[in-house]
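Structure first, commentary second.
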Protein chains: 2
Amino acid sequence: MDEIFKKIGTTQTLSQKIERNIERAIREKKLPIGSKLPSERELCEMFAVSRTALREALRRLSARGLIEIKKGSGMVVTKIDMKDAIDSLNLYYDLKFDVNLISQIIELRLAFEPEIAKMAAQNRTDEDLKNLEANLVEFAKCDPDNTQLESDIDNKFHLCVARATGNPFVIVTMEPVHNLLPRMRNFIYANIEGEKEITLGYHKEIVNAIREQDAERAYEKMQAHLDRNMQVYNKFLKNT
Amino acid sequence: MDEIFKKIGTTQTLSQKIERNIERAIREKKLPIGSKLPSERELCEMFAVSRTALREALRRLSARGLIEIKKGSGMVVTKIDMKDAIDSLNLYYDLKFDVNLISQIIELRLAFEPEIAKMAAQNRTDEDLKNLEANLVEFAKCDPDNTQLESDIDNKFHLCVARATGNPFVIVTMEPVHNLLPRMRNFIYANIEGEKEITLGYHKEIVNAIREQDAERAYEKMQAHLDRNMQVYNKFLKNT
DNA sequence: TTTTTCGTGTTGTCATACAAATTTCTTTAT
DNA sequence: ATAAAGAAATTTGTATGACAACACGAAAAA
């Protein structure tokens, strides 16, 4: 009896079936990355469906970043990019964003970023170090009245640290979180006098630790830095 | 001069323009979550485009999880679900998976999961605790010869801990990582004699700490647990 | 009032045609 | 023979019209 009701919602449309079919072929590497898909006409014949249904399946696959469609040329299986994954996370976090989540974002940063600093100290390349040092210079000469730019550079610093871990999972995790920070800017960087110098001081110490590949010190400094941030945030919260 | 070449690839198709248009309306909450979109016919008139182009835009939006299309009924802006974000991460990690990434997955778990255990101890609800305890029972009475089931329950344990943090960012981060673990199973759980009892012991201690909301002990036990895992993994690596 | 039936609107699929971009081949000029 | 120019074929993008499959509500029947 219940089985009848279960079927509701499970009715796949034809184009969805086609989509799964092609997706499976890609996942199983039967269609290797970079390979050209058969043309629409050929696929229509193979699946014995109309061009409409096929195309709607293809549109979905391209929206999800599995294939790339070039007008007049053809379709290829794309090397799925980290950017695709980050984009969809951005979308999700963006739509979900809510002031109530701010404390959870801070909680996550407080928990993860010291560990990330540690990993960065262990795995950083010379190029990572160069990026971090460039960020310090940028931050130092940034107009202190331009709070927008200031917090952008600050965010970039933390992203650079995440990238210096060399661990793609860390990057995918933290990029969307940091993309959310500008929306918290008005809450946190509320024109606190002299805060910039303090922040810069912490950043310098973190970079020093990463330069010398001193994992424990990188951990501690990042923790101290974010603790300070937390305090500033709490001070603001009291004012509201 | 170069500007001419830059334009290559930026040529948006009509359906892409429509897609961005509707996406923007959703992001700006002009189309609130749960609201019904105008019918295809109406949208065609509004945008002054053919049904073909419009529908392809809609297919893309639904593939990305922004809208839900119900045959015969209509289209609604979906309350974007965590599942959508996790799904796309799963796809990315799945296609990217490579034995070389195993060490980075372990690295991430070693860095993050102790902190996660700490957060879980601080934030867990009674229901979280019940789930964790149920998992312990399940694990205990699991047939030790069924290594597949055994590692599934193990993974589930760590997911329960992540969920007990109550922090959605933590869950989104860890779910796809743990979905990858079954593919590492053969590498790690290579029929190590007596390993199950040791694992169960750690799990119990972690749950105890979470029950008593002892954050530091939860941290330490999780760290010890994963350190042990790491050793088992390294032992295997030597054998290859 | 309750149930059934039917009509209307909505999305799904099909077929055909042409536009626009790209590739391939042919022709032509050097 | 080689290279450039152009024509032809191929491929994706859009438009149009038609019908099928499904959902929902209103009207009709019990």
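Heavy atoms only: backbone and side chains are in, while hydrogens, waters and symmetry mates are out. We name chains A, B, ... by the order of the sequence lines, and we start the count at 1 in each one.
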Discussion item. Counting only heavy atoms and a strict 4.0 angstrom limit, can you tell me which residues of residues 38-54 of chain A come near DNA chain D?
Written reply: A:S39, A:E40, A:R41, A:R51
Fill in: For DNA chain D, the residues among residues 62-75 of chain A that have a non-hydrogen atom under 4.0 Å from it
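Listed by number, they are A:I69, A:K70, A:K71, A:G72, A:S73, A:G74, A:M75.
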How long is the line joining [atom1] of [X] and [atom2] of [N], in whole Å?
X: A:I18; N: C:dG12; atom1: CD1; atom2: P; answer: 13 Å
X: A:K36; N: D:dT12; atom1: NZ; atom2: C1'; answer: 10 Å
X: A:E56; N: D:dA15; atom1: CD; atom2: P; answer: 14 Å
X: B:L58; N: C:dT13; atom1: CG; atom2: P; answer: 14 Å

Side chains of [X] and [Y]: do they bring a donor and an acceptor to under 3.5 Å?
X: A:T125; Y: A:D128; answer: yes
X: B:E127; Y: B:N131; answer: no
X: A:R55; Y: A:S15; answer: no
X: B:E175; Y: B:N90; answer: no

Worksheet item: Okay, side chain of B:Q104, backbone of A:G166: is any donor-acceptor separation there less than 3.5 Å?
Response: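 Checked: pair present.
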Discussion item. With side chain to side chain donor-acceptor pair (under 3.5 Å) as the criterion, how do B:H203 and B:N135 come out once you've worked through the C-alpha distance, each side chain's angles and the decisive distance to 0.1 Å?
Written reply: CA-CA 9 Å; B:H203 283 195; B:N135 183 274; 4.6 Å; no
Worksheet item: From A:E138 CD over to A:I153 CD1, what is the distance, rounded to the nearest 0.5 angstrom?
Response: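 Output value for this atom pair is 4.5 Å.
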Worksheet item: What's the verdict on ring-ring contact (aromatic ring centres under 6.0 Å, His included) for B:F112 and A:F112, showing C-alpha distance, side-chain angles and the deciding distance?
Response: CA-CA 6 Å; B:F112 285 2; A:F112 284 2; 3.7 Å; yes
